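Read the structure below first, then the notes.
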Amino acid sequence: MAEAVAEGIRAIQGVEAELTFHVTPEELANYNAIAIGVPTYHHDMTVDIKNLFERAALKNVNLKSKIGAAFGSYGWSGEAPRLVSEIMKNRFEMQLLESPLLVKYTPDKVGLEKCRQLGKEVAQKLITRTHGSTNTSE
Ligand SMILES: Cc1cc2nc3c(=O)[nH]c(=O)nc-3n(C[C@H](O)[C@H](O)[C@H](O)COP(=O)(O)O)c2cc1C
């Protein structure tokens with residue numbers, strides 16, 4: 001899913017995407033937009049993501065007004081992307097895309113296309129913010 005999101009971001013000219021599984025709280029501040037992929041385990045986000053937020057909050061990492069998005073695969077309840085989205089919005093005052101993207105278990109072609117679409121939306125929001133228009137070419 002994360003690879004497809006990054007692909008969607010890169011499809012928009014002028015926007016770069018870095019896909020990483022390891023990021024420090026301080027490094028989050030280096031990006032204009034942050035899309036977090038997280039599966040739901042035991043009705044919750046995974047411990048690594050929770051720790052990342054805890055440490056970012058403790059260190060007062062400033063993510064205010066950065067563009068945020070959350071996505072994730074789930075089995076039956078799918079809380080994690082919603083929780084992540086709420087934390088990015090309420091604790092870190094980021095600007096979230098409307099709703100988190102949930103895909104049941106392993107994404108099929110349609111699920112992957114939704115991920116690409118999410119990436120494009122993130123990139124377009126960045127372009128709009130930077131240039132004040134949606135003048136993009138794919
Ligand atoms: C131990 C365990 C607990 C899980 N708990 C939940 C849950 O509470 N809610 C849910 O929607 N899915 C739950 N799932 C399903 C996972 O979210 C689903 O398998 C997802 O595709 C896992 O993504 P991953 O393969 O990237 O880890 C659980 C799976 C496991 C193995």
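Since we're looking at a predicted model, the values are computed, not measured. When a ligand or atom number is given, it counts from 1 through the structure's own listing order.
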Rounded to the nearest 0.5 Å, how far apart are [atom1] of [X] and [atom2] of [Y]?
X      : Y      : atom1 : atom2 : value
Gln117 : Gln124 : CD    : CD    : 7.5 Å
Ile87  : Glu54  : CD1   : CD    : 8.0 Å
Ile34  : Met94  : CD1   : CE    : 4.0 Å

Problem - Closest approach of any protein heavy atom to atom 9 (N) of ligand 1, naming residue and atom - result: Ser77 OG, 2.7 Å
Exercise for the section: Give the residue, atom name and distance (to 0.1 Å) of the protein heavy atom nearest atom 13 (C) of ligand 1. Expected result: Thr40 O, 3.1 Å
Handout entry: Presence of salt bridge, Arg82 and Glu79, under 4.0 angstrom
Key = no
Practice task
Could you walk me through whether Arg91 and Phe53 pass the side-chain contact (heavy atoms from CB on, under 4.5 Å) test, one step at a time?
Solution key: CA-CA 9 Å; Arg91 170 58 184 84; Phe53 284 137; over 6 Å; no
Heavy-atom nearest neighbour of [atom] within options [options]:
atom                    : options                   : answer
atom 5 (N) of ligand 1  : Met1, Glu79, His43, His42 : His42
atom 31 (C) of ligand 1 : Trp76, Tyr74, Tyr41       : Tyr41
atom 15 (C) of ligand 1 : Gly75, Pro107, Ala80      : Gly75

Handout entry: Atoms in ligand 1 with a heavy atom of Ser73 nearer than 4.0 Å
Key = 17 (O), 20 (C), 21 (O), 22 (C), 23 (O)
Handout entry: Enumerated ligand 1 atoms positioned under 4.0 Å from heavy atoms of Gly78
Key = 10 (C), 11 (O)
Handout entry: Path from Ile49 to Leu63 over hydrophobic side-chain contacts below 4.5 Å
Key = yes
Check: [X] N/O within less than 3.5 Å of ligand 1 N/O:
X      : result
Thr106 : no
Pro39  : no
Tyr105 : no

Exercise for the section: Assess whether atom NZ of Lys114 is packed by more than 12 heavy atoms of other residues, nucleotides or ligands within 6.0 Å. Expected result: no
